[in-house]
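No hydrogens, no waters, no symmetry mates; every other heavy atom, side chains included, goes into these values. The chain is numbered in sequence order, starting from 1.
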Amino acid sequence: MPRVIYVEHSGVRHEVEVPSGTSVMQGAIDNLIEGIVGDCGGSCCCATCHCYVEDAWVGLTGEADDNEKAMLDCVFDPQDNSRLSCQIVISAEHDGLIIQLPESQT
(Lines give C-alpha, C1' and ligand atoms only; values in the text may rest on other atoms or scores of the structure.)
Protein backbone atom coordinates (compact mmCIF):
# COMPACT_ATOMS: atom_id res chain seq x y z
CA MET A 1 0.00 0.00 0.00
CA PRO A 2 1.34 3.47 -0.84
CA ARG A 3 2.60 5.59 2.05
CA VAL A 4 1.50 9.20 2.37
CA ILE A 5 3.28 11.60 4.71
CA TYR A 6 1.07 14.34 6.12
CA VAL A 7 3.01 17.20 7.70
CA GLU A 8 1.14 19.47 10.09
CA HIS A 9 1.94 23.18 9.99
CA SER A 10 3.77 22.67 13.31
CA GLY A 11 6.09 20.14 11.65
CA VAL A 12 4.56 17.01 13.17
CA ARG A 13 4.69 14.21 10.58
CA HIS A 14 2.22 11.38 10.14
CA GLU A 15 3.29 8.58 7.82
CA VAL A 16 0.37 6.30 6.98
CA GLU A 17 -0.58 3.70 4.41
CA VAL A 18 -3.41 4.77 2.12
CA PRO A 19 -5.02 2.24 -0.21
CA SER A 20 -4.77 2.91 -3.94
CA GLY A 21 -7.99 4.45 -5.22
CA THR A 22 -8.48 6.44 -2.01
CA SER A 23 -8.23 10.22 -1.94
CA VAL A 24 -5.58 12.01 0.10
CA MET A 25 -8.47 13.55 2.07
CA GLN A 26 -10.01 10.18 2.92
CA GLY A 27 -6.60 8.84 3.92
CA ALA A 28 -6.25 11.67 6.44
CA ILE A 29 -9.76 11.18 7.81
CA ASP A 30 -9.35 7.39 8.08
CA ASN A 31 -6.12 7.90 10.04
CA LEU A 32 -7.48 10.66 12.31
CA ILE A 33 -5.04 13.26 11.01
CA GLU A 34 -6.07 16.74 12.05
CA GLY A 35 -5.89 19.57 9.54
CA ILE A 36 -8.02 18.04 6.81
CA VAL A 37 -11.71 18.31 7.61
CA GLY A 38 -13.49 17.40 4.39
CA ASP A 39 -16.88 18.87 5.33
CA CYS A 40 -18.38 18.11 1.90
CA GLY A 41 -17.26 14.49 1.97
CA GLY A 42 -14.99 14.85 -1.03
CA SER A 43 -17.32 16.43 -3.56
CA CYS A 44 -15.02 19.43 -4.22
CA CYS A 45 -17.40 22.04 -2.86
CA CYS A 46 -16.05 23.27 0.49
CA ALA A 47 -12.22 23.64 0.40
CA THR A 48 -11.82 22.36 3.99
CA CYS A 49 -9.36 19.77 2.70
CA HIS A 50 -6.91 22.33 1.31
CA CYS A 51 -3.32 21.13 1.33
CA TYR A 52 0.05 21.86 -0.22
CA VAL A 53 1.69 19.17 -2.33
CA GLU A 54 5.44 18.96 -1.75
CA ASP A 55 7.11 20.46 -4.83
CA ALA A 56 8.77 17.21 -5.91
CA TRP A 57 5.32 15.57 -6.14
CA VAL A 58 3.36 18.27 -7.95
CA GLY A 59 3.80 16.68 -11.37
CA LEU A 60 2.59 13.28 -10.18
CA THR A 61 -0.60 14.55 -8.57
CA GLY A 62 -2.08 16.04 -11.72
CA GLU A 63 -3.52 19.48 -12.27
CA ALA A 64 -6.58 21.00 -10.65
CA ASP A 65 -9.60 21.16 -12.95
CA ASP A 66 -11.68 24.33 -13.29
CA ASN A 67 -14.02 23.41 -10.43
CA GLU A 68 -11.13 22.76 -8.05
CA LYS A 69 -9.41 25.97 -9.14
CA ALA A 70 -12.58 27.91 -8.32
CA MET A 71 -12.67 26.36 -4.85
CA LEU A 72 -8.97 27.12 -4.31
CA ASP A 73 -9.82 30.79 -4.81
CA CYS A 74 -11.65 30.52 -1.45
CA VAL A 75 -8.76 29.17 0.67
CA PHE A 76 -6.52 31.12 3.01
CA ASP A 77 -2.94 31.50 1.79
CA PRO A 78 -3.15 29.72 -1.57
CA GLN A 79 0.18 28.72 -3.09
CA ASP A 80 1.23 27.41 -6.50
CA ASN A 81 1.20 23.89 -5.01
CA SER A 82 -2.23 24.22 -3.37
CA ARG A 83 -4.70 21.41 -4.02
CA LEU A 84 -7.88 20.07 -2.54
CA SER A 85 -6.88 16.73 -1.07
CA CYS A 86 -10.24 15.21 -2.04
CA GLN A 87 -9.21 15.57 -5.68
CA ILE A 88 -5.92 13.66 -5.42
CA VAL A 89 -6.47 9.93 -5.78
CA ILE A 90 -3.68 7.72 -4.52
CA SER A 91 -2.02 5.14 -6.75
CA ALA A 92 1.14 3.05 -6.42
CA GLU A 93 3.21 5.85 -7.98
CA HIS A 94 2.35 8.08 -4.99
CA ASP A 95 4.29 5.97 -2.49
CA GLY A 96 6.09 8.52 -0.29
CA LEU A 97 3.84 11.47 -1.28
CA ILE A 98 4.35 14.41 1.06
CA ILE A 99 1.37 16.63 1.88
CA GLN A 100 1.78 19.82 3.92
CA LEU A 101 -1.20 21.04 5.93
CA PRO A 102 -1.92 24.77 6.04
CA GLU A 103 -1.83 26.80 9.22
CA SER A 104 -5.42 27.94 8.65
CA GLN A 105 -6.68 24.39 9.24
CA THR A 106 -4.95 23.74 12.57
Exercise. Could you walk me through whether V7 and I98 pass the side chain to side chain contact (heavy atoms under 4.5 Å, CB included) test, one step at a time?
Key: CA-CA 7 Å; V7 183; I98 301 173; 4.0 Å; yes

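Remark: A64 engages E68, K69, L72, R83 in a side-chain contact (heavy atoms from CB on, under 4.5 Å) (not counting sequence neighbours). When the side-chain hydrogen bond (donor to acceptor under 3.5 Å, both in side chains) test is applied to Q79, the partners found at least two apart in sequence or on another chain are D77. Contacts of Q87 classified as side-chain hydrogen bond (donor to acceptor under 3.5 Å, both in side chains), with partners at least two apart in sequence or in another chain: none. For P2, the side-chain contact (heavy atoms from CB on, under 4.5 Å) partners are S20, I90, D95, not counting sequence neighbours. Scored by the side-chain hydrogen bond (donor to acceptor under 3.5 Å, both in side chains) test, E93 finds no partners at all (sequence neighbours excluded).
Within the structure, side-chain hydrogen bond (donor to acceptor under 3.5 Å, both in side chains) contacts touching residues 58-67 (residues at least two apart or in different chains) do not occur. Residues in residues 51-62 take part in no salt bridge (charged side-chain N to carboxylate O under 4.0 Å, His left out) pair, two or more places apart or across chains. The ring pair (Phe, Tyr, Trp, His ring centres under 6.0 Å) pairs that include a residue from residues 23-50 are H50-Y52, where partners are two or more places apart or lie in different chains. Here salt bridge (charged side-chain N to carboxylate O under 4.0 Å, His left out) pairs that include residues 11-28, with residues two or more places apart or in two chains, are R3-E15. Residue pairs satisfying the ring pair (Phe, Tyr, Trp, His ring centres under 6.0 Å) criterion with at least one member in residues 56-105, sequence neighbours excluded, are absent. Note on residues 2-38: no pairs pass ring pair (Phe, Tyr, Trp, His ring centres under 6.0 Å), not counting sequence neighbours.
Note on L97: it clusters hydrophobically with I5, by side-chain heavy-atom contacts below 4.5 Å among ILVMFWY residues. A chain of hydrophobic side-chain contacts below 4.5 Å, direct or via other Ile, Leu, Val, Met, Phe, Trp or Tyr residues, connects V58 to M25. Note on L60: it does not cluster hydrophobically with V89, by side-chain heavy-atom contacts below 4.5 Å among ILVMFWY residues. No single ILVMFWY cluster, assembled from side-chain heavy atoms under 4.5 Å apart, contains both L84 and V4.
Distance check, rounded to the nearest 0.5 Å: CD1 of I88 to SG of C51 gives 4.5 Å. To the nearest 0.5 Å, atom SG of residue C46 and atom CE of residue M71 are 6.5 Å apart.
In D73, the CG atom is crowded: over 12 heavy atoms of neighbouring residues, nucleotides or ligands sit closer than 6.0 Å.
Here the closest non-hydrogen pair linking C49 and C86 is SG-N, 3.4 Å. Residue V75 comes nearest to P78 through the heavy atom pair O-CD, 3.6 Å, listed as atom of the first residue, atom of the second, then distance.
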Show me the donor-acceptor pairs within less than 3.5 Å that the side chains of residues 26-40 make with the rest of the protein, sequence neighbours left out.
residue, atom, partner, partner atom, Å
Q26, NE2, D30, OD1, 2.7
N31, ND2, G27, O, 2.8

